[in-house]
Every structure is written in C-alpha cells, then in structure tokens.
Amino acid sequence: MGKASFLPFILFFLLGFEKNASAGRHSVNGCSAWRTNVESNNARGWIVVPSRCVSHVGKYMERGQYLLDFKIAIEQSLAYVKDLELRGDGKDAWVFDTDETTLSNLPCYREHQYGGEAYNSTVFNEWVEQGTAPVLPSSLQLYNVLLRKGVKIFFITGRDEDYREVTTKNLMRAGYRKWSGLIMRGDNDQGTTAVKYKSGKRDELVKNGYRILGNVGDQWSDLTGTSVGSRTFKIPNPMYYIS
C-alpha cells in the first residue's frame, strides 16, 4: 500500500475510533459499568440512581434487556431445580423475596425516575395499597415448577405486617395461589437491616426443620447473612439498594 492510499485508511480508522469512543461515552457514560457493579455487589450504600444514568436505567428496564436478564437468572435456577432430589418429608423449602422478585413495582418507579428520586415510604406504600403490582413471569414459572416438585414455598418480604391482606391478594391475583408462609416485618422487626431481618426469619425456618434448597431475590441483602440456602439466585435491579 502506497503513502497516498495509506493516508485515507489511517484517517478513516482514527475518525471511526473517535466516533465509536464518543458514542460509547454519550450512550453509556459509565452507566452500563455502574449497573454491572451494582449487580456484582461492588456498588453499595447508594441512595439514588446517578442522575446521568436515569435514562440508561429506564431504557434497561423498559426495552426488554431487564426481562431477558431476569429470565436467564431464573433459567439457571430451573436447571438447578431439575436435578434436585427431595427427601419427601415436607421440609424441602424455597425462599422468594417479593418486591422486584415475584411482583414488579416498575409502574411506580416509572413515575419516579426509575430510582432517580430518593425512596419515599409514603409514595411506595400508597402504591402497595393499590394491590396491582404485576407478576414477574419468570418467577411465576419457577414457582409453579417448585410446587409441582413438592417444594414448600416461603415469601419473605420487607413489607410491613399492616400490608398482609393487600399483599396476599396481590400475590394471588398475580398467580401465586399457594404457599407455606408469607413472612412480613412485625413490630419487633422494625429498625433492623434487611440482612438481619431476613437472616433471622430464615434461621427460624431452619430451626423448624426446613432445608432451604434455594433462595431468590433482587437485593444482595436477600441473599447474604445466615441460612441463605443451598443456592442463591440474584435477580437484576438497578433501581434501588437495600442494605
């Protein structure tokens, strides 16, 4: 290749590199990397989605990638469940979180910048009281497989006991018709971290003879601490963080 023909090639390469790098900065602006670090539990203690990433999170939640990532996570759990051998004594158990695991609060967060606004308990509880949170289909699929296999289902939610009736109706409306326990925060659980609260409730299950074969949740605080189960499965959620 001569110098005359080589120069346009170099210019094309450099311009293309600059264009791609610029596109990467503007389209991602570090937000894809931020979301990856949220999911890997490197990013902790954050209060709101960074303002520069609100649009990124909204597109992730709304345009199919979130549900695809969710589906693949559940497929991993289904592969694990397929090979499970139960003891047949009624003590094989599975723990589900509720919000963003079995029920979706996306309609609520859509109105509040996909987590770009600080959590407001009044706003969220008003949403909960409507009892209209839609089902997350992949979790319902896992739930049905577990029921057919004879696994006992326990929901452990951070929702307060005051919302038991509406949560029960919402779960049933979404397709979750049978479970062995819906565990909610009581008066004695107020003020504790999610890790301490959920660990304590799982400890009680184990003390009662249950073997927790699996545990699925959207927060690392659902899956860490004590009595986490033989396998844990993390569901994506870049909208909020609970310690």
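Residues take their numbers from the sequence shown, with the count starting at 1. Hydrogens, waters and symmetry mates are skipped; everything else that's a heavy atom, side chains included, is used.
- Listed here is the closest heavy atom pair of L140 and A174: CD2-O, 3.7 Å.
- Y163 and I156 are members of different hydrophobic clusters when ILVMFWY side chains are connected at heavy-atom separations under 4.5 Å.
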Evaluate the criterion side chain to side chain contact (heavy atoms under 4.5 Å, CB included) for residue pair Y240 and D99; output intermediate values, then yes/no.
-> CA-CA 11 Å; Y240 58 84; D99 295 302; 3.9 Å; yes
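- Residue I183 holds its CD1 atom at 15.0 Å from CZ of R159, rounded to the nearest 0.5 Å.
- Note on L205: it does not cluster hydrophobically with V195, by side-chain heavy-atom contacts below 4.5 Å among ILVMFWY residues.
- Heavy atoms only, all atoms of each residue included: W34 and P50 are closest at CZ2-CD, 3.4 Å.
- Although no hydrogens or angles enter the test, the distance criterion places no donor-acceptor pair under 3.5 Å between the side chain of N37 and the main chain of A43.
- Contact check for F96 versus L146: side-chain heavy atoms found under the 4.5 Å cut-off.
- With salt bridges taken as basic N to acidic carboxylate O contacts below 4.0 Å, one links D222 and K198.
- Taking the six-membered ring for Trp and thresholds of 30 and 60 degrees, Y109 and F124 have ring planes inclined between 30 and 60 degrees apart.
- T157 has its side chain within reach of L182: a pair of non-hydrogen atoms, C-beta onward, lies under 4.5 Å apart.
- The nearest pair of heavy atoms linking D160 to M184 is O-CE, 3.3 Å.
- With a 6.0 Å radius and a threshold of 12 heavy atoms from other residues, nucleotides or ligands, N42 has its CG atom above the threshold.
- Atom CG in L142 sits 11.0 Å away from atom OG1 in T101 (nearest 0.5 Å).
- Atoms CG and NZ, on L86 and K91 in that order, are 14.5 Å from each other to the nearest 0.5 Å.
- Side-chain contact check for C31 versus V57: every heavy-atom pair is 4.5 Å or farther apart.
- In this structure a side-chain-to-backbone donor-acceptor pair under 3.5 Å is present from E100 to N105.
- Across every non-hydrogen atom of V151 and A93, the tightest pair is CG1-C, 3.6 Å.
- Put simply, L213 and V206 are part of two different groups of oily side chains (I, L, V, M, F, W, Y) that touch within less than 4.5 Å, one to the next.
- Ion pairing between K201 and D189 holds under the 4.0 Å rule for side-chain N and carboxylate O.
- Counting only heavy atoms from C-beta outward, the side chains of W220 and R44 never approach each other to under 4.5 Å.
- Side-chain atoms of Y114 never come within 3.5 Å of backbone atoms of K59 as a donor-acceptor pair (strictly under, hydrogens ignored).
- More than 12 heavy atoms of other residues, nucleotides or ligands shown are found within 6.0 angstrom of CG on N208.
- Atom CD of Q76 sits about 15.0 Å away from atom NZ of K234, to the nearest 0.5 Å.
- Residues R185 and T192 form a side-chain contact, since some pair of their non-hydrogen atoms from C-beta on lies under 4.5 Å apart.
- With N120 contributing its side chain and V123 its backbone, the two residues share a donor-acceptor pair below 3.5 Å.
- You'll find the ring centres of F155 and Y176 inside the 6.0 Å limit.
- Annotation for T102 and S139: closest pair CA-CB, 4.2 Å, computed over non-hydrogen atoms.
- In this structure, CG on L68 lies 8.5 Å from OH on Y60, to the nearest 0.5 angstrom.
- I235 and Y80 fall within a single hydrophobic cluster, where Ile, Leu, Val, Met, Phe, Trp and Tyr side chains are chained together by heavy-atom contacts under 4.5 Å.
- Taking the six-membered ring where tryptophan is involved, the planes of Y66 and F70 are perpendicular, since the angle between them exceeds 60° and thus also 30°.
- Between N29 and H56 there is no side-chain heavy-atom pair separated by less than 4.5 Å.
- Heavy atoms of other residues, nucleotides or ligands lying less than 6.0 angstrom from CD of Q190 number more than 12.
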Are M239 and L106 close enough, and set up right, to give a side chain to side chain contact (heavy atoms under 4.5 Å, CB included), and what steps lead you there?
-> CA-CA 9 Å; M239 297 189 297; L106 182 57; 4.1 Å; yes
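- In this structure, R231 and W94 have side chains that are not in contact, with every pair of non-hydrogen atoms separated by 4.5 Å or more.
- The hydrophobic clustering, which links ILVMFWY residues whose side-chain heavy atoms are closer than 4.5 Å, places F233 and I212 apart.
- One finds no salt bridge joining E39 and R35 here, because no Lys/Arg side-chain nitrogen approaches an Asp/Glu carboxylate oxygen to under 4.0 Å.
- Neither side chain, N125 nor E129, offers a donor N or O lying under 3.5 Å from an acceptor on the other.
- K71 NZ: 12 or fewer foreign heavy atoms inside a 6.0 Å radius.
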Stepwise side chain to side chain contact (heavy atoms under 4.5 Å, CB included) check, H112 with Y119 = CA-CA 9 Å; H112 298 280; Y119 173 76; over 6 Å; no
Could you go step by step and tell me if E126 and T122 meet the side chain to side chain contact (heavy atoms under 4.5 Å, CB included) rule?
-> CA-CA 6 Å; E126 287 175 352; T122 300; 3.7 Å; yes
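- Side-chain contact between E62 and R110 is present, with heavy atoms from C-beta onward closer than 4.5 Å.
- A salt bridge links R211 with D92: the distance from a Lys NZ or Arg NE/NH1/NH2 to an Asp or Glu carboxylate oxygen falls below 4.0 Å.
- In summary, E204 and K207 do not engage in a salt bridge, as defined by a charged side-chain N under 4.0 Å from a carboxylate O.
- Using modelled atom types, no side-chain atom of R173 and backbone atom of T132 make a donor-acceptor pair closer than 3.5 Å.
- Closest non-hydrogen pair, G225 versus S199, comes out as CA-OG, 3.3 Å.
- A perpendicular orientation is assigned to the rings of Y210 and F154, their planes being inclined by more than 60° (bins at 30° and 60°).
- Side chain to side chain, D203 and S227 meet the donor-acceptor criterion of an N or O pair below 3.5 Å.
- Using modelled atom types, no side-chain atom of N170 and backbone atom of V166 make a donor-acceptor pair closer than 3.5 Å.
- Atom-to-atom distance recorded for I242:CD1 and Y197:OH is 11.5 Å, nearest 0.5 angstrom.
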